[in-house]
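In this text the structure is predicted, and so the values were computed from the model without any measurement.
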Amino acid sequence: AEPPEGTPICAELAMAEVQKFEVEKDPEAGMESPKAEDDVKPVPPAWKEVYGGSKFEVRSLFPPFTWLPAYVRYAKGTASTGDIEKMGELPYSIKGDLIAGLTVGLMLVPQCLAFALLAGLPIRAGLYSSFAPLVIYALLGTLRQLQVGPTALISLLTGQALDAVNLLGDEERLSGACTLALLVGLVSFLLGVLRFGFVVDFMSHSVMSSFCTASGVIIATSQLKHVLGINIKRHKYWWQTAYDLCKHLPEIDAATAVLGFTLLAMLTFFKKWKQAGNEAKRSKSLLWRFFPKNKDSCAFKSMKMCADLSSVLCVILGWVWGFIYREAGITSVRLIEDSESNGFLFLLPSFDSKTPDLIVPAVMIAVVGFLETIAVGGKMANEKRYSYDANQELLALGAANVAGAFMGAFPITGGFSRTAVNAMFGATSPLSGALTSIVVVIAVYSLMPVVELLPLSALAPLIIHGAIGVTDFKAFIPTFKGNKLDFLIMVATFLVSLGLTVKEGLITGVSLSILKLTYEVAMPNLAVCGQVEDGTFRDVRYYPEGRMMPKCVVVRMDAGLSFANTRRLQEFCMRAMAAASKADSSVSHLILDCKSVNGTDMTGCEAIENLAISLEKRKKSLVLANLKAPLTKAMFAAGVDKHIEAHSGHLCWNMGQAIELVNGGDPAAAKKSVHDLHSRVQSSAQGKQCIPV
């Protein structure tokens with residue numbers, strides 16, 4: 001029967017499934033088992049797309065081919081339904097992109113100078129890193145509100161990578177940074193071409209949280225010398241910097257400290273004010289009740305503007321404060337001084353004997369940068385309901401870093417604060433990022449003489465404030481309560497990052513996370529199950545009222561069957577059978593509930609055979625129930641079905657068939673259902689595209 005016109009797609013697919021399968025109800029298990037059909041009907045087209053995923057198109061490598069025509073049509077008022085659907089809840093706006101792009105440009109200029117200082121590079125490198133990468137990302141990126149450029153975390157990693165290969169002079173550090181940017185770009189590009197976006201899944205939240213917290217501590221500590229006016233050399237390790245700071249505390253310059261800490265307090269004040277909540281919460285606060293509370297008032301909007309552009313305000317106030325100091329004859333406050341900038345550089349990254357030592361840091365920066373990008377840009381995309389391509393983001397970041405490497409840039413990625421401001425001021429497309437680069441060009445060719453008179457203690461608060469924002473000590477508490485092993489990994493990551501460098505800290509965290517994952521695979525949850533009131537089988541540890549079935553014991557494993565856990569499964573099953581037989585001598589079968597087993601390898605197949613043999617020697621039988629398609633396919637390919645049957649075992653499609661078989665039922669029906677499942681799997685493999693069970 002054809003579905004009625006106007007039937008929703010989900011209902012249409014459901015009707016197609018009803019037409020495709022004949023089913024019979026198993027009254028004991030409350031489940032359905034398939035009846036074999038001579039003709040296996042193909043998967044409906046909509047389901048085929050679900051299983052196959054979207055097809056690769058060459059035009060997807062250059063997103064403006066897709067979004068720019070839609071942008072123009074929307075501006076003209078002729079947008080199609082498809083255009084509106086792809087826009088999600090973020091309609092295109094020329095006005096929004098213009099305002100957001102120029103506003104973020106004002107914010108980026110002081111930030112990029114500060115991040116160059118954090119990386120131990122000439123400050124002009126910050127501006128070099130904020131032009132070409134922005135233009136290239138606008139051409140290749142798919143996250144419409146993302147703003148790329150230098151960030152605190154990537155600047156720290158860059159500085160530590162250059163320190164590790166003993167690049168000390170300004171020019172050699174700048175050359176090394178360009179080479180590092182090129183390597184980061186090539187790694188990102190390679191990962192994107194190979195569709196390896198999934199590699200970031202090995203970065204657990206706990207590891208990244210601990211890594212960012214340690215990075216924040218290191219960044220803040222490294223900049224205290226500029227806020228305090230202490231002259232100490234750059235150190236490789238955090239504890240060396242901390243020790244040197246403490247040793248030179250008597251040398252604090254009062255004028256510098258007053259300037260630096262005042263600006264830091266201002267930045268912190270504006271941040272806390274923005275986070276104070278709605279008008280009701282502000283009215284109840286002992287502090288914020290004295291400041292604008294009504295979001296519609298001019299005073300609130302003006303203060304909100306100052307808070308959003310607090311980095312610009314910090315630099316302006318710092319410059320004016322430094323001017324007042326100079327006029328008053330106070331010369332102890334250090335300035336940026338000669339920036340040696342005569343415009344943009346065009347150079348070729350150099351390769352020497354130190355280049356191989358930059359490869360590992362480049363891989364790390366590429367992965368961490370991609371994580372940072374997806375964390376902020378992906379969140380925005382999800383909120384506004386528009387789609388993006390993670391692998392295309394790798395390509396875009398790779399191309400942006402490669403382009404920057406030829407213009408004196410150090411590695412870049414998506415920035416949290418700038419992206420948030422970009423979205424808040426109405427950005428709707430990558431065009432806003434391209435407009436931001438115009439502000440950078442103006443700064444390079446007109447503002448550098450002014451920037452040279454800016455106190456270093458006016459830039460350092462920007463870095464420290466950003467570093468405090470990435471720290472998350474509170475995350476340690478719920479992790480300790482929820483998973484002690486994760487907590488230990490967080491602590492190890494944090495301590496190694498502080499004791500050595502963040503590179504070693506991140507490697508430690510990822511390595512321990514992979515070991516933890518391996519441990520969990522090797523030590524899966526194994527359960528003896530009893531039947532509860534609703535007919536399902538539950539772990540007797542948590543459902544002691546579960547009824548043990550006569551003549552059998554039911555065991556469940558909640559993991560895929562692999563070489564890592566086969567021994568544990570066999571030992572557990574034999575212990576369960578021994579305990580059940582001791583309690584009831586009539587127990588003759590062990591039912592292995594495979595509903596959580598999604599597949600197996602050859603070692604797993606051999607383990608199933610050995611388990612069947614071991615049970616047969618004790619005059620018991622093995623029954624596999626709730627078989628899934630991947631597991632069935634692997635076992636039939638390895639001939640496990642024949643070996644199990646040869647050793648008095650059985651395969652069952654569902655638990656109802658297994659219970660019936662234990663109680664003397666005909667095994668032919670169960671065998672027929674499993675063989676039908678296998679035939680459907682084979683049909684799918686041969687191109688008939690039957691939906692697997």
Side-chain angles (χ1 to χ4, degrees), residues 111-133 149-187 215 218-219 221-223 225-226 231-238 240-241 244 334-366 368-369 401-413 444 448 451-452 456 459-460 463 501-503:
Q111 281 193 351
C112 70
L113 299 175
F115 293 143
L117 182 67
L118 172 60
L121 295 167
I123 64 160
R124 63 184 188 275
L127 294 170
Y128 297 159
S129 304
S130 304
F131 173 64
T151 66
L153 192 54
I154 299 303
S155 299
L156 172 66
L157 290 170
T158 299
Q160 290 192 343
L162 299 178
D163 292 340
V165 293
N166 295 316
L167 295 177
L168 303 177
D170 282 354
E171 293 305 318
E172 63 176 355
R173 285 183 74 86
L174 183 59
S175 176
C178 294
T179 302
L180 184 61
L182 178 62
L183 293 174
V184 169
L186 293 176
V187 170
S215 298
I218 294 171
I219 291 169
T221 305
S222 71
Q223 296 305 301
K225 63 181 181 181
H226 297 302
N231 187 19
I232 62 174
K233 67 177 183 178
R234 185 182 180 91
H235 293 288
K236 182 178 180 180
Y237 301 118
W238 169 82
Q240 292 175 329
T241 303
D244 217 1
R334 293 176 58 202
L335 305 178
I336 290 176
E337 298 177 339
D338 188 9
S339 63
E340 300 179 3
S341 177
N342 295 314
F344 287 107
L345 292 178
F346 295 93
L347 49 82
L348 292 175
S350 60
F351 296 91
D352 54 30
S353 59
K354 296 181 179 180
T355 301
D357 295 330
L358 293 175
I359 294 176
V360 172
V363 173
M364 185 172 300
I365 292 173
V368 172
N401 275 294
V402 169
F406 290 92
M407 293 190 68
F410 59 93
I412 58 92
T413 189
V444 169
M448 293 313 294
V451 169
E452 290 171 358
L456 289 172
L459 285 180
I463 303 174
T501 69
V502 289
K503 180 183 76 173

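A side-chain donor from one of Ser350 and Ser175 sits under 3.5 Å from a side-chain acceptor of the other.
Between atom CD of residue Gln240 and atom CZ of residue Arg234 there is a gap of 12.5 Å, rounded to the nearest 0.5 Å. A distance of 9.0 Å separates CE in Met407 from CG in Leu347, rounded to the nearest 0.5 Å. Atoms CG and CG, from Leu157 and Leu162 in turn, are 11.0 Å apart once rounded to the nearest 0.5 Å.
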- Evaluate the side-chain contact (heavy atoms from CB on, under 4.5 Å) criterion for residues Val502 and Met364: first the C-alpha distance (whole Å), next the side-chain angles of each, then the deciding distance (0.1 Å), finally the verdict. CA-CA 10 Å; Val502 289; Met364 185 172 300; 5.9 Å; no
- Task: Go through the steps for Thr179 and Lys354 under the test side-chain contact (heavy atoms from CB on, under 4.5 Å), then give the verdict.
- Result: CA-CA 10 Å; Thr179 302; Lys354 296 181 179 180; over 6 Å; no
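Using a 4.5 Å cut-off on side-chain heavy atoms (C-beta onward), His226 and Ile463 make no contact. Phe406 has its side chain within reach of Leu182: a pair of non-hydrogen atoms, C-beta onward, lies under 4.5 Å apart. Annotation: side chain of Thr221 is not in contact with side chain of Ile218 (no heavy-atom distance under 4.5 Å). Between Leu117 and Gln223, some side-chain heavy-atom pair lies under the 4.5 Å cut-off. Counting heavy atoms from C-beta outward, Thr241 and Lys225 have side chains that stay 4.5 Å or more apart. The side-chain heavy atoms of Thr501 and Tyr237, taken from C-beta on, include a pair separated by under 4.5 Å. The closest side-chain heavy-atom distance from Leu456 to Ile336 is below 4.5 Å. Leu118 is listed as a side-chain neighbour of Ser222, based on a closest heavy-atom distance under 4.5 Å.
Across all non-hydrogen atoms, the minimal contact from Arg124 to Glu171 is NH2-OE2, 2.9 Å. Heavy atoms only, all atoms of each residue included: Phe410 and Ala177 are closest at CB-CB, 3.8 Å. Closest of all the heavy-atom pairs between Val165 and Asp357 is CG1-CB, 3.5 Å. Closest approach of Asn166 and Glu172 over heavy atoms only: O-OE2, 4.3 Å. Nearest heavy atoms, Ala125 versus Leu121: CB-CB, 4.1 Å. Ala405 approaches Cys178 most closely through the heavy-atom pair CB-O, 3.3 Å.
Panel note: side chain Ser130, backbone Gly149; no donor-acceptor pair is recorded below 3.5 Å. Listed for the Asn401 side chain is a donor-acceptor partner under 3.5 Å among the backbone atoms of Ile412. With hydrogens and angles disregarded, a donor-acceptor distance shorter than 3.5 Å links the side chain of Arg173 to the backbone of Ala119.
The side-chain contact (heavy atoms from CB on, under 4.5 Å) with Leu180 is formed by just one residue from the set Leu167, Ile359, Leu358, Thr355; it is Leu358. With Thr413 as the partner, the side-chain contact (heavy atoms from CB on, under 4.5 Å) test is satisfied by one option alone out of Val368, Ile154, Ile365: Ile154.
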